[in-house]
Amino acid sequence: MNLELYVITDEEIAGGLSHAEIAQRAVAGGADVIQLRDKGCGPGDLLRIGCIIRGITRKTGALFIVNDRLDVALACSADGVHLGQDDLRAGVARQIAPDGFIIGVSVGTLEEAILAEREGADYLAISPVFPTASKYNAGPGHGLEVLQDIKRNVSIPIIAIGGIHYGNVGDVIAAGADGIAVISAVVGSPDITAAAKKLREMVRQCKTKMKS
């Protein structure tokens with residue numbers, strides 16, 4: 001499960017590009033994961049979009065995750081679902097989901113992280129690490145110390161989300177993140193493919209530097 005560059009779709013931030021167009025351009029730049037996220041989309045439309053993105057990611061080997069909606073994720077044969085603290089609990093989702101289905105959980109505290117791992121989460125998203133305008137209700141950034149604390153106390157992969165950009169990628173990887181999840185840094189770029197490629201290369205370079 002490679003989570004180095006995790007791109008979350010957002011049509012508004014993309015200036016009107018569709019979720020599918022965002023996904024197509026992001027995977028062309030090497031995105032390892034595409035998450036379909038649209039809070040205002042009904043389940044029928046979300047399923048239709050999900051089926052299109054499933055086809056795009058299947059061709060490249062990228063993982064496809066649906067935000068919030070386990071039912072839609074299962075119906076469009078996504079690789080997994082991403083759950084927030086107000087969504088279905090990871091333990092309940094694990095009872096419903098088939099073997100091999102990926103469950104990610106957003107967490108903001110060590111307690112939430114430990115509970116999510118105990119309930120069967122496959123990865124955690126520390127959200128948000130830095131203040132962000134991409135999610136109106138994200139709240140203040142938790143900072144790198146929380147990320148480090150969670151990394152020391154869980155055994156599953158963690159990704160950093162919230163305010164991630166070229167200038168702080170090295171900081172979040174050095175703090176222990178296995179990957180970065182981004183919206184604006186890729187989706188809001190005039191060239192989504194180029195932005196994805198640059199960020200993925202930066203993550204890998206940071207990891208290589210840490211090992212040397």
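Given the structure is predicted, the values throughout are model-derived calculations rather than measurements. For the single chain, residues carry numbers from 1 onward in sequence order.
- Two residues are said to be in side-chain contact when any heavy atoms from C-beta on lie closer than 4.5 Å; Ile180 and Met202 fail this criterion.
- Ser189 contributes no side-chain N or O that, together with a main-chain N or O of Ala185, makes up a donor-acceptor pair within less than 3.5 Å.
- Using a cut-off of 4.0 Å between Lys/Arg side-chain N and Asp/Glu carboxylate O, Asp178 and Lys207 are scored as not salt-bridged.
- Arg54 and Asp79 are joined by a salt bridge, as a carboxylate oxygen and a charged side-chain nitrogen come within less than 4.0 angstrom of each other.
- The closest donor-acceptor contact from the side chain of Asp87 to the backbone of Gly84 lies under 3.5 Å.
- Annotation: side chain of Tyr123 is in contact with side chain of Leu3 (closest heavy-atom distance under 4.5 Å).
- For Ser155 and Glu117, the side-chain atoms include at least one donor-acceptor pair closer than 3.5 Å.
- A donor-acceptor pair is defined here as one N or O able to donate and one able to accept, closer than 3.5 Å; such a pair exists between the side chain of Gln85 and the backbone of Ser106.
- In this view, Lys209 satisfies the salt bridge (Lys or Arg N to Asp or Glu O under 4.0 Å) rule with no residue, not counting sequence neighbours.
- A donor atom on one side chain and an acceptor atom on the other are not found under 3.5 Å apart for His82 and Asp68.
- Taking all atoms of both residues into account, the shortest heavy-atom contact from Ile102 to Asp122 is CA-OD2, 3.3 Å.
- Using a cut-off of 4.0 Å between Lys/Arg side-chain N and Asp/Glu carboxylate O, Arg94 and Glu119 are scored as not salt-bridged.
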